[in-house]
There are 2 protein chains.
Amino acid sequence: MDFNESKNIFLQIEEWLNNRILDDKIQPGERIPSVRELAEEMEVNRNTVMRTYSTMENKGILENKRGIGFFVAIDAPKIIQNMQKTEFFEKELPRLLERIKLLRLTSKDLAELVTLIKNNDHETQN
Amino acid sequence: MDFNESKNIFLQIEEWLNNRILDDKIQPGERIPSVRELAEEMEVNRNTVMRTYSTMENKGILENKRGIGFFVAIDAPKIIQNMQKTEFFEKELPRLLERIKLLRLTSKDLAELVTLIKNNDHETQN
DNA sequence: TATTGTGTCATAAGATACTATGACACTAAA
DNA sequence: TTTAGTGTCATAGTATCTTATGACACAATA
C-alpha cells in the first residue's frame with residue numbers, strides 16, 4: 001500500500017478499512033486479517049496494525065476475541081457512517097467549498113459530481 | 001492558530017498562507033510577516049515557520065531578501081492555483097466522489113454546492 | 001556608527017511515529 | 001497433549017517533527 005507522507009500510517013490504514021466496510025467488501029460479523037497478516041501484506045510493523053485495530057475497537061467498529069482474531073462489529077457500518085458524515089459536513093465540506101471558491105471551479109467541473117449524486121437519490125428515500 | 005494533530009504543522013501553515021494569497025488577503029509583491037513575528041503569533045517555533053517559508057520559496061511562491069524579509073512572488077497565485085488544481089482533481093475530487101458514494105449523500109446535501117459554483121460561472125469565462 | 005530588525009545556521013533536547021524483536025497467554029485443531 | 005495461529009505486552013532503536021536557544025551576516029535607519 002502506498003501511504004501519504006503527511007498523515008500517520010495507522011490512521012490511513014483505519015481509513016482504508018472503514019472504506020472497505022462501508023463498501024461491503026468486508027461484512028459485519030466477518031473476521032478481518034490478523035495483525036501479523038495485514039502487517040506483512042502492507043509492509044508495516046505489527047504494532048502499527050495493532051494500533052489501528054485497537055483504536056477501531058475503542059470506537060466499536062471492531063470486536064476482538066483473544067486467540068482468535070478481530071471481527072467487524074454488527075453495527076460497524078452505521079457507526080462509521082455517522083462518524084464520517086459528521087466529519088464530512090463539519091470539516092471536509094466547508095474545506096471543499098472554500099477550495100471551490102479559491103480555485104474558481106465551474107459548472108463543467110461539476111458535471112460528474114451531479115450525475116453521481118442523482119443516482120444516490122434513486123436508491124435512497126429522501 | 002489551532003492545528004490539526006494528524007498533519008505536520010509547517011504544512012498547515014503553508015496551506016494557511018496559500019489560502020490567504022489565493023483570497024487576495026496577501027497580494028503579490030507584498031511583504032509577509034517575519035519568521036519571528038509569525039512564529040510568535042502562531043505560538044510556534046521560529047524554525048517551524050522557517051521551514052514553511054523555505055519550502056514555499058523553493059516552489060517559487062515566496063521570494064526572499066536577506067536582512068529584509070519574505071515577499072509574495074508576482075505569479076504566486078498562478079503557481080498555487082496550478083498546484084492545488086492538480087491536487088484537487090487528482091486526489092481530493094476522487095476522494096470526495098468515493099465519500100459521496102459511501103455516505104449516500106443526496107441532492108438536498110448538494111444544494112449549497114450548486115448555488116456556490118453557479119456564482120463562479122458568472123465571474124469567469126468558460 | 002550604533003541600533004534594531006531581518007534571515008540563517010548550528011546544536012541540543014523532547015515528543016511521537018514507526019520499526020524490530022522477543023516473550024507470553026489464549027484458542028482451535030491435529 | 002502438541003502444534004500453530006491468534007492477540008498482547010515490553011523493550012529498545014531509528015527517524016522525523018518540533019522546540020529552545022545562541023550566534024552570526026545582512027539591511028535599514030536613527
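Numbers restart at 1 for each chain; the letters A, B, ... are given by sequence-line order, proteins then strands. Source: prediction; values computed, not measured.
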Whole angstrom value for the distance that separates P of D:dT18 from CG of B:Asn4: 12 Å

Short side-chain N/O contact from A:Ser34 to OP1 or OP2 of D:dT6, under 4.0 Å: yes

Distance, rounded to the nearest Å, where A:Glu40 contributes CD and D:dG7 contributes C1': 17 Å

Test item: A:Leu17 and A:Val72 side chains (from C-beta on) under 4.5 Å apart, heavy atoms: no

Sugar-phosphate only, base, or nothing, as touched by B:Glu37 at under 4.0 Å among non-hydrogen atoms: sugar-phosphate

Side chain to side chain, B:Phe3 and B:Leu11, heavy atoms closer than 4.5 Å: no

Interface residues of residues 64-76 of chain A with DNA chain D (non-hydrogen, below 4.0 angstrom): A:Asn64, A:Arg66, A:Gly67, A:Ile68, A:Gly69, A:Phe70

Atom pair distance, as rounded to whole Å: CG in A:Leu38 and C1' in D:dG7: 14 Å

Heavy-atom neighbours of A:Glu40 CD exceed 12 at 6.0 Å: no

Spacing of B:Ile13 atom CD1 relative to D:dT19 atom C1', expressed in whole Å: 13 Å

Heavy-atom side-chain proximity of B:Ile79 to B:Met83 below 4.5 angstrom: yes

Selection residues 26-37 of chain B - residue pairs positive for side chain to side chain donor-acceptor pair (under 3.5 Å), sequence neighbours left out: none

Donor-acceptor pair under 3.5 Å, A:Arg36 side chain vs D:dG7 base: yes

Close side-chain approach of A:Lys91 to A:Glu87, heavy-atom, < 4.5 Å: yes

Short side-chain to backbone donor-acceptor contact, A:Gln81 and B:Leu102, under 3.5 Å: yes

Side-chain donor or acceptor of B:Thr52 paired with backbone N/O of B:Phe10 under 3.5 Å: yes

Distance, rounded to the nearest Å, where A:Met50 contributes CE and D:dC9 contributes P: 7 Å

B:Lys78 atom NZ, neighbour heavy-atom count above 12 within 6.0 Å: no

Nearest-Å distance for atom pair CD1/P, residues A:Ile32 and D:dG5: 19 Å

Give each protein N/O atom lying under 3.5 Å from an N/O atom of nucleotides 13-19 of chain C, with the pair distance.
residue: C:dA17; atom: OP1; partner: A:Arg51; partner atom: NH2; Å: 3.2
residue: C:dA17; atom: OP2; partner: A:Arg51; partner atom: NH1; Å: 3.3
residue: C:dA17; atom: OP2; partner: A:Arg51; partner atom: NH2; Å: 3.2
residue: C:dC18; atom: OP1; partner: A:Ile9; partner atom: N; Å: 2.4
residue: C:dT19; atom: OP2; partner: A:Asn45; partner atom: N; Å: 3.0
residue: C:dT19; atom: OP2; partner: A:Thr48; partner atom: OG1; Å: 2.7

